[in-house]
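Along the sequence shown, residues are numbered consecutively beginning with 1.
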Amino acid sequence: MTYEILSYFVDAYRIFIAVFSGTYILFYVVLSFLSYWAIVDHLRFQKYLEEEVLIRSNYLLGVSVVAPAFNEGLNIVYNVKSLFSLTYPKFEIIIVNDGSTDDTLEKLITEFDLVKIDFYYQEKIKTQPVRGHYKSKNPIYSKLLVVDKVNGKSKADASNAGINSSKYPLFLCTDVDCILKPDTILKLAKPFMENDTRVIAIGAGIRISNSCEIKEGFLYKIHFPKEWYPRFQELEYVRSFLFGRMAWSQINGLLLVSGGLGMFDKEIAIKAGGYWHQSLGEDMELITRMRKYMHDRKEEFLIKYIPESLCWTEVPSTREILLRQRTRWARGLVQTLYLHRKMFFNPKYGRTGSLVLPFFFLFEFLVPIIEFLGILSLVISYCLGMMNLNFLLVVSATVYLFYLSITTISILIDEILYKSYANYKELLILLGMAMIEPLIYHPLTVYASLKGYAHFFMKKEQKWGVMIRKGFDTPNKS
């Protein structure tokens, strides 16, 4: 009897896997077409409003660049100097020292000739206490404002302090270690000014700076990473930013604007409550709450995505740090879905409730669980002598080849449009990495996801962890 019951469940799970895999592939085929159309539309209409005309316009919107910093003494000076290279007529730079225990604040004060000032600070979003604001005595650095605050144990709390201190209607949230292209603000601010429908947030492509040549905070030469883990993450970034997010942008279904590079309508972000400091996925949670706010008010809105690489950032280069980061991301995903569970299939929330959130539940949250159960069913089938080798080969080959096709297309589109790599050798190595990613790297991300889910449901104490940075390679002096 026990054998028959197990056999029944194994057969039922095989059918479920086949149906789920087919649905998964179908959804991503649809997303691939949407992504293609979104990229074509972007290239076709990017000259709708000439950037030169926009810069000279009286209606140019000011932008506050908010960059939290915790123990960033290694590169903080170069990072801030890099932000000064941004080419936009009306912006400010807000560095939030989130209670650093190293020499971050001291280096800022010394390098930029800062003094503490009287500052009218309105705490529109609740944060840990702000100890003071600093401005430079040197007019060259007049755009710089440094906010010193008590550590809030999260990037969200520091970002909120920066938002509270900002003076412009748009804010660009980034990481202090990020290297931005000079025209980043202009590219991101443009959609806010050229759309009739209110744009409340916008994101763009992020690339990996590991192994890139950086000179005094400026991107000197792009290379794909030398180390294995960053190489695999390069594949993820190209696939997710250029492929997935462009598709969701096309149907106004974006649920995630990366915390490393995102521009927001400050009024809506504040009214939605700002970043939630207890979230482990504060970027996704804020977008979900902003969407909810606009739906509740029955106001039309857009959240857009630009298919251009405007930002380079350092990613985990070791297995330990990578797993810690992905565990936090997974916990942030389930945390956000659970927090906003009442939006699911609620007609009040439009496509956010009927399509976007259910998609993330089925194909982001459930996939690692289904993969784990699939492996478990294979083990049981083998032990009971019920292994269906043909079924296993067909399903595995279909999913693998489909994944490889999507990844390859994403890499080639990126290379054709933006020439992101130094030579074809780097491109070929990256394509080679795509062939082994499902066998070597993907199991690690599945493990991290399951661990993050377990931490959430077991209500384990939340920890954001520390991203240990190596700093950047510098070009050889000739």
Side-chain angles (χ1 to χ4, degrees), residues 67-72 74-75 98 151-159 173-179 203 205-212 224-241 244-245 255-262 275-287 311-337 360 364-365 367-368 433 437 440-456 458 460-472:
F70 175 72
N71 289 352
E72 298 283 355
L74 181 63
N75 289 308
D98 192 28
N151 182 259
K153 298 182 179 180
S154 71
K155 178 186 174 183
D157 191 75
S159 297
C173 193
T174 186
D175 293 325
V176 76
D177 68 297
C178 288
I179 308 297
I206 296 179
R207 303 303 284 263
I208 293 173
S209 64
N210 302 53
S211 300
C212 289
F224 78 105
K226 298 175 183 177
E227 299 171 293
W228 279 68
Y229 288 118
R231 284 183 179 180
F232 285 127
Q233 290 170 84
E234 177 85 355
L235 290 172
E236 282 186 310
Y237 276 47
V238 172
R239 189 169 57 235
S240 64
F241 285 112
R245 296 189 191 178
L255 200 63
L256 178 62
V257 171
S258 175
L261 182 68
Y275 289 102
W276 184 35
H277 69 279
Q278 293 183 351
S279 175
L280 289 169
E282 71 280 348
D283 40 12
M284 178 181 180
E285 200 281 324
L286 174 61
I287 291 295
C311 171
W312 279 258
T313 186
E314 187 177 352
V315 300
S317 58
T318 66
R319 179 174 174 271
E320 178 186 2
I321 299 175
L322 174 67
L323 288 176
R324 188 167 63 204
Q325 180 196 66
R326 296 312 169 89
T327 298
R328 177 173 61 83
W329 285 4
R331 184 169 179 173
L333 170 64
V334 65
Q335 184 186 49
T336 300
L337 294 175
F360 271 78
E364 295 290 340
F365 168 67
V367 164
M433 298 293 292
E437 181 191 1
I440 298 176
Y441 179 73
H442 183 67
L444 288 177
T445 61
V446 171
Y447 168 75
S449 294
L450 295 175
K451 185 178 180 181
Y453 299 164
H455 285 183
F456 175 80
M458 293 169 62
K460 188 173 179 180
E461 181 184 359
Q462 296 187 149
K463 291 183 179 180
W464 278 262
V466 178
M467 168 68 178
I468 300 173
R469 307 191 189 282
K470 292 185 174 181
F472 300 117

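Side chain of Asn151 to main chain of Asp98: a donor-acceptor pair is present (N/O by atom type, distance under 3.5 Å, no hydrogens or angles). Put simply, the side chain of Arg207 never gets that close to the backbone of Trp312: no donor and acceptor are under 3.5 Å apart. Side-chain atoms of Thr313 do not come within 3.5 Å of backbone N or O of Ile208 as any donor-acceptor pair. Not one N or O on the side chain of Thr327 forms a donor-acceptor pair closer than 3.5 Å with the backbone of Lys451. Distance alone, capped at 3.5 Å, places no donor-acceptor pair between the Thr174 side chain and the Leu261 backbone. Glu282 contributes no side-chain N or O that, together with a main-chain N or O of Gly259, makes up a donor-acceptor pair within less than 3.5 Å.
Between Tyr441 and Phe232, the ring planes are parallel. Angles under 30° get that label, and only those over 60° would be called perpendicular.
The shortest distance between side-chain heavy atoms of Met284 and Ser279 does not fall below 4.5 Å. Using a 4.5 Å heavy-atom cutoff, the side chains of Ile287 and Leu256 are not in contact. Looking at Ser317 and Asn210, their side chains come closer than 4.5 Å, going by heavy atoms from C-beta outward. Under the 4.5 Å side-chain criterion, counting only non-hydrogen atoms from C-beta, Thr445 is in contact with Glu236. Counting only heavy atoms from C-beta outward, the side chains of Gln233 and Pro316 approach each other to under 4.5 Å. Two residues are said to be in side-chain contact when any heavy atoms from C-beta on lie closer than 4.5 Å; Val315 and Tyr229 fail this criterion. You'll find the side chain of Tyr275 stays beyond 4.5 Å of the side chain of Ser154, heavy atoms only. Side-chain contact between Tyr237 and Ile206 is present, with heavy atoms from C-beta onward closer than 4.5 Å.
Nearest heavy atom pair, residue Leu280 against residue Arg328, reads O-NH1, 3.4 Å. Between Ala330 and Gly452, the shortest heavy-atom distance links the atoms CB-CA, 4.2 Å.
Atoms CZ and CG, from Arg326 and Leu444 in turn, are 10.0 Å apart once rounded to the nearest 0.5 Å.
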Ser258 vs Arg245, side-chain contact (heavy atoms from CB on, under 4.5 Å): CA-CA, chis, key distance, verdict: CA-CA 10 Å; Ser258 175; Arg245 296 189 191 178; 3.7 Å; yes
